[in-house]
Amino acid sequence: MAKTYDPKKTEKKIYALWEKSGFFNPDKLAKSYKKSFTIFLPPPNITGELHMGHALNAAIQDILIRWKKIQGYKALWLPGIDHAGIATQNVVEKQLKKQGISRFDLGREKFLEKVWQWKKKYGNIILEQFKKLGCSLDWSRTAFTMDKDYYQAVIKAFLHYYEKGWIYQGKRVVNWCSRCQTSLSDLELEYKKEKGHLWYIKYPLVQKSKFQNPNSKQNPNYKLQIPRFIAVATTRPETMLGDTAVAVNPNDERYKKLVGQKVILPLTKREVPIIADKLVDPKFGTGAVKVTPAHSLIDYEISLKHDLLFLQVIDGQGRIMPPAPFIYQGLRIFDARKKILGDLEKLGLLEKIEDYDLSLPKCYRCETIVELIPSEQWFLKMNELARVAINAVKQGKVKFYPKNFEKGYFGWLSNVRDWCLSRQIWWGHQLPVFYCGKKQEEIRNQKSEIRNNNNRNFVVVLKKPKKCPFCKECSMKQSEEVLDTWFSSALWPLASLGWPKKTRDLKNFYPSNILSTARDIINLWAARMIFSGIEFMKKPPFKNVYVHPTVVTKEGKRMSKSLGTGVDPLNLVEKYGADAVRFGISYQIMGSQDIRFTEDNIIMGKKFCNKIWNAARFVLLQIGKFKISPGQVFFENLAGQVNQKSKLQLTAADKKILKALDKTIKSINKDLENFRFGQATHTLYNFFWHDFCDIYIEKSKNQLSGNNKRKSQTQKVLIYTLLTFLKLLHPFMPFITEEIYQKLPKKNKKALIMIESWPS
RNA sequence: GCGCGUAUAGCUCAGCGGUUAGAGCGUCCGUUUCACAUACGGAAGGCCGUUGGUUCAAAUCCAACUACGCGCACCA
């Protein structure tokens with residue numbers, strides 16, 4: 001054995017050995033492995049590169065899987081990748097942009113070809129990177145959310161909800177990214193704090209007659225100074241073009257007498273009413289607010305109650321559109337804002353400007369400011385699904401670790417709006433909706449307000465009908481829209497096992513035991529998996545949700561490639577070895593919600609590897625040096641005899657180390673059961689370095705120079721302790737433990753520590 | 001505005017009711033002879049965020065405050 005441990009020489013070799021054994025696949029395990037233990041790898045995006053978050057979660061899951069496998073469970077860790085709709089489409093679009101072409105130049109089919117090519121070339125890189133970390137994923141079951149079978153599952157789920165009456169189509173105010181040209185769900189927005197302004201705009205009151213004109217001297221109320229204007233405050237002056245009312249709080253004394261009157265909307269000639277609604281916060285601005293039903297959710301709500309007009313003035317490109325006055329039409333939002341403010345200024349209607357901190361909703365994939373725009377979309381009713389998802393956790397069928405994340409989960413679900421499922425991008429699962437070409441035309445010519453269900457011009461079916469059920473003659477056209485990428489992710493625990501087919505895998509491995517996930521996708525992903533699992537399999541897809549900490553920089557800042565604050569785990573593997581990286585990461589998982597990343601712990605891991613290596617070298621040397629009798633060299637024999645302690649005359653040092661070892665086993669089990677990965681790592685480190693190396697090995701040197709009996713007994717304790725420790729450490733540091741195990745003089749040359757028995 | 005989390009050595013973190021508060025890294029001093037200099041021996045370095053409370057006893061439990069991080073809402 002070399003004097004130092006060299007991960008480069010062993011990791012590749014050992015990984016190949018594991019893959020060759022086939023034991024990543026639980027079906028290949030011996031029959032004695034009975035109970036299953038399943039974890040689904042959160043499928044990384046095909047656009048993804050391994051970052052510290054992946055490395056952390058990979059380490060956690062691999063620890064759990066290897067721990068359970070060595071304990072005798074049929075452990076399955078199922079890998080796969082997510083097609084990541086918008087994210088992937090954007091990456092390919094960016095590539096095309098370099099060549100000066102847009103997706104529209106190519107057309108849908110050609111563009112999708114490009115995406116598939118891209119997927120073929122780069123799609124599996126990230127999975128290969130997981131191998132470098134030593135992940136014991138069952139590669140034979142690798143799934144992809146755009147596989148043919150997976151597609152079937154997605155369509156089936158859509159159809160199921162539709163038939164239940166939970167999916168409906170409708171024109172709603174939705175989040176719209178004008179760059180991606182698609183709708184977005186609420187969870188796909190990222191709010192960014194920015195300095196903005198609050199503009200106070202005066203809306204002139206309609207003066208019906210001379211008598212009512214407060215400035216007319218014939219008016220008896222002249223001296224009361226009845227205002228001629230009502231001022232509204234807004235951060236979005238350009239939306240005033242679509243105002244259809246001014247609203248005040250009904251209890252606001254300042255405005256009580258104005259309710260029911262009308263104002264002239266400046267820059268347009270429209271008269272709009274002043275209404276009272278308790279949704280208006282009297283403390284905001286002047287207490288009077290403009291109401292733009294087409295471009296604000298709360299205004300939309302108000303408009304329904306008061307039967308207000310609904311005027312869309314911003315289009316899908318983010319430009320002003322009719323019925324806004326002609327001079328503004330076609331202007332981009334910020335240009336329109338500038339012009340409108342200028343025009344108001346000229347009219348003397350701009351009362352004042354205040355600084356205002358706002359958080360702007362941005363597209364989570366391209367950072368364009370997201371607009372609220374009315375648009376025809378498909379929605380999934382959430383009330384029942386949310387209820388079911390809440391109950392699953394309330395009843396303890398799904399448990400969160402740490403528990404306080406349940407609070408945010410409940411909070412989101414109990415206020416959730418219907419899920420906007422449709423996206424206007426191309427890369428994704430096309431809706432199984434088929435339109436009658438003829439009827440579609442007719443309906444397009446009708447005003448959206450009169451549309452109703454009797455006007456249905458589509459069917460929702462698994463396969464395109466041979467004959468159009470409406471006109472009997474057109475070849476039906478499939479909807480061009482695709483599903484939200486998270487709709488398919490929500491089915492991950494089912495579809496990756498073959499659902500909707502009743503597969504053996506589904507029977508054997510559903511539900512899984514643990515979902516290990518980052519906290520930012522608890523609602524986006526975990527919640528949706530929970531209700532999907534219950535809906536389709538009657539059982540939640542996992543029993544425990546472990547919310548792992550977030551890796552941030554040493555300064556506490558978010559790790560981000562674009563900010564240059566990211567750390568590449570593969571560089572670290574290259575530098576220190578996979579075991580050291582895994583050790584360093586697990587060492588820091590102490591239960592806090594963030595981990596400030598420091599390389600120190602990985603260096604510690606590297607040194608630890610070397611310590612283990614040399615201690616093993618010492619033990620092996622002692623066995624070789626003091627052969628007692630042929631046949632006893634096998635460590636199985638030596639180690640085995642320690643368990644029958646009666647025959648041994650143990651010294652105080654022997655007893656002490658065996659006791660400490662026993663304590664370590666118990667504490668590791670307890671820690672792993674409670675996701676205390678850091679504590680477990682600390683315990684292993686301290687036991688080995690201090691109890692075993694500093695104390696016992698030093699003592700053993702003395703004992704080994706004693707009589708033969710003492711020698712042999714010391715050898716046994718040494719090998720037993722080393723072997724037991726290696727097993728305990730294997731989930732954490734799989735490579736070095738396997739490598740040393742392979743060097744032990746064992747009877748069964750093919751034995752692997754990966755499937756050894758767990759010490760008890 | 002509401003909620004969650006964190007504050008201990010220069011740095012990253014343990015300890016979570018009971019002797020002189022610990023580890024790794026960093027710093028300083030010393031040691032190469034037989035497992036390991038990626039090691040070993042030793043040293044310096046802490047009003048355990050602030051203020052109150054509970055207790056025989058508080059870094060540890062409770063409350064308030066301050067600072068930082070995160071999430072949600074508002075942004076009409």
Side-chain angles (χ1 to χ4, degrees), chain A residues 1-6 186-187 191 193-194 196-198 232-237 239-240 242-243 245-248 277 279-281 283-293 295-303 356-361 372 402-412 415 519-520 522-523 549-550 552 554-558 576-577 580 584 587-622 625 678-679 681-683 685-686 689-690 693-694 697-698 700-701 718:
Chain A
M1 269 173 95
K3 226 173 160 181
T4 51
Y5 172 65
D6 182 1
D186 293 343
L187 292 174
Y191 286 88
K193 282 218 155 52
E194 263 174 48
H197 301 285
L198 196 57
V232 298
T234 180
T235 59
R236 302 276 324 261
T239 61
M240 69 174 286
D243 284 4
V246 168
V248 297
D277 194 296
L279 284 177
V280 176
D281 174 9
K283 281 185 287 245
F284 178 79
T286 60
V289 298
K290 53 197 277 318
V291 181
T292 325
H295 301 288
S296 154
L297 286 170
I298 186 164
D299 291 10
Y300 179 68
E301 229 175 281
I302 292 174
S303 81
Y356 195 81
D357 291 329
L358 31 88
S359 43
L360 287 175
L372 286 162
K403 197 170 169 23
N404 50 305
F405 284 105
E406 287 177 4
K407 204 164 178 174
Y409 171 87
F410 291 139
W412 182 70
N415 294 305
R519 64 171 173 273
D520 51 354
I522 293 174
N523 296 327
T550 305
V552 298
K554 205 171 178 179
E555 291 73 34
K557 299 269 181 260
R558 176 174 235 136
Y576 304 110
Y587 194 85
Q588 271 195 280
I589 306 175
M590 295 301 299
S592 60
Q593 66 173 29
D594 287 336
I595 290 180
R596 295 192 174 207
F597 177 76
T598 156
E599 219 164 294
D600 293 347
N601 291 307
I602 291 172
I603 294 169
M604 193 179 171
K606 191 191 153 135
K607 291 186 178 178
F608 190 38
C609 283
N610 208 54
K611 191 74 179 174
I612 298 163
W613 185 255
N614 277 295
R617 208 154 69 92
F618 173 80
V619 174
L620 285 170
L621 218 67
Q622 299 317 317
K625 235 197 274 179
Q679 286 82 352
T681 316
H682 282 73
T683 303
Y685 182 89
N686 289 331
W689 204 298
H690 300 120
C693 294
D694 290 351
I697 285 190
E698 291 313 316
S700 78
K701 286 175 184 171
L718 278 172

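Proteins get letters first, then strands, A, B, ... in listed order; numbering begins at 1 in each.
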Is there side-chain contact between A:Thr4 and A:Trp613, with heavy atoms separated by less than 4.5 Å?
no
Classify the nucleic acid contact of A:Cys693 as base, sugar-phosphate or nothing, counting any heavy atom under 4.0 Å across all strands shown.
base
Would you please test A:Met240 and A:Thr234 for side-chain contact (heavy atoms from CB on, under 4.5 Å) and show each step?
CA-CA 9 Å; A:Met240 69 174 286; A:Thr234 180; over 6 Å; no
Side chains of A:Leu198 and A:Phe284: does their closest heavy-atom pair fall under 4.5 Å?
yes
Between B:C36, B:U38, B:C75, which one does the side chain of A:Tyr191 approach most closely?
B:C75
Looking at side-chain heavy atoms only, is the closest gap between A:Val248 and A:Thr286 below 4.5 Å?
no
Pairwise P distance, B:G52 and B:A59 [rounded to whole Å]
14 Å
Touch class at under 4.0 angstrom, heavy-atom based, for A:Lys283 against every strand present:
nothing
Taking the C1' atom of each, how far is B:C25 from B:G45, in whole Å?
14 Å
Taking for A:Val289 and for A:Tyr5 the nucleotide of RNA chain B with the nearest heavy atom, the one nearer the 5' end belongs to A:Tyr5
Base, sugar-phosphate, or nothing for A:Val280, non-hydrogen atoms under 4.0 angstrom?
base
Checking contacts here: which listed nucleotide (B:U12, B:G69, B:C36) is nearest the side-chain heavy atoms of A:Lys557?
B:G69
Categorize A:Glu599 for me: base, sugar-phosphate, or nothing, with a 4.0 angstrom heavy-atom threshold over every strand shown.
nothing
Of the candidates B:A35, B:A39, B:G24, the side chain of A:Asp600 sits closest to B:G24
Would you say the side chain of A:Thr598 lies within less than 4.5 Å of the side chain of A:Gln588, judging by non-hydrogen atoms?
yes
Tell me: CG of A:Asp281 to C1' of B:C75, nearest whole Å?
11 Å
May I ask you to establish whether A:Lys611 and A:Tyr685 are in a cation-pi arrangement, using a distance under 6.0 Å from NZ or CZ to the six-membered ring centre and at most 45° from the ring axis?
no
N or O in side chain of A:Lys607 less than 4.0 angstrom from B:C36 OP1/OP2:
no
A:Glu555 CD to B:G69 C1', straight-line distance once rounded to whole Å:
13 Å
Whole angstroms only, please: what is the CD1-C1' distance between A:Ile595 and B:A14?
14 Å
Rounded to the nearest 0.5 Å, what separation is found between the CE atom of A:Met604 and the OG1 atom of A:Thr681?
9.5 Å
Starting at the 5' end of nucleotides 1-7 of chain B, put B wherever the base has a protein heavy atom under 4.0 Å, S where only the sugar-phosphate does, and a dash everywhere else.
--SSS--
Give one of base, sugar-phosphate or nothing for A:Ile603, where a contact means two heavy atoms less than 4.0 Å apart.
nothing
Using atom P in both nucleotides, what's the gap between B:C13 and B:G69 to the nearest angstrom?
15 Å
Rounded interatomic separation in angstrom, taking CD from A:Glu698 and C1' from B:C40
9 Å
Backbone N/O of A:His295 and side chain of A:Thr292: donor-acceptor pair under 3.5 Å:
no
I want to verify a distance call: between B:A23, B:G15, B:C70, whose nearest atom is closest to the A:Tyr587 side chain?
B:A23
Nearest-Å distance once atom C1' is located in both B:U60 and B:U55
13 Å
note: A:Asn614, atom CG; B:C40, atom P; distance rounded to Å ~ 11 Å
According to the Watson-Crick and G-U wobble definition with distances under 3.5 Å, which dot-bracket string, read 5' to 3', encodes RNA chain B, using [ ] for crossing pairs and | for pairs with another strand?
(((((((..((((....[...)))).(((((.......))))).....(((((..]....))))))))))))....
What's the gap between B:G26 and B:A44 when it is taken at their C1' atoms, as a whole Å value?
13 Å
Students often get this wrong, so: under 4.0 angstrom with heavy atoms, is A:Leu279 touching a base, only sugar-phosphate, or nothing?
base
Starting at NZ of A:Lys611 and ending at P of B:A35, how long is that distance when rounded to a whole Å?
11 Å
For B:G5 versus B:C75, give the span between their C1' atoms, rounded off to a whole number of Å.
26 Å
Test of understanding: with salt bridge (Lys or Arg N to Asp or Glu O under 4.0 Å), list the residues that count as partners of A:Glu301, not counting sequence neighbours.
none
When you measure from the side chain of A:Arg596, which nucleotide among B:U12, B:A35, B:C75 comes out closest?
B:U12
Donor/acceptor link under 3.5 angstrom from A:Thr598 side chain onto base of B:C13:
no
To the closest 0.5 Å, what do you measure between CH2 (A:Trp689) and CD1 (A:Ile612)?
9.0 Å
Is the shortest heavy-atom distance from the side chain of A:Phe597 to the side chain of A:Ile602 under 4.5 Å?
yes
In whole Å, measure the gap between the C1' atoms of B:C29 and B:U66 for me.
41 Å
Rounded to the nearest Å, what distance is computed from the CD1 atom of residue A:Ile697 to the P atom of nucleotide B:C36?
11 Å
Using a strict cut-off of less than 4.0 Å between a Lys/Arg side-chain nitrogen and an Asp/Glu carboxylate oxygen, indicate whether A:Asp594 and A:Arg558 qualify as a salt bridge.
no
Does A:Val552 or A:Asn601 map to a spot on RNA chain B nearer the 5' end, using the closest nucleotide for each?
A:Asn601
Gap in Å between the two P atoms, one belonging to B:G10 and one to B:U6, rounded
22 Å
Measure from the side chain of A:Ser359, starting at C-beta and using heavy atoms only, and say which of B:C74, B:A39, B:C70 lies closest.
B:C74
Rounded to the nearest Å, what distance is computed from the CE atom of residue A:Met590 to the P atom of nucleotide B:U8?
15 Å
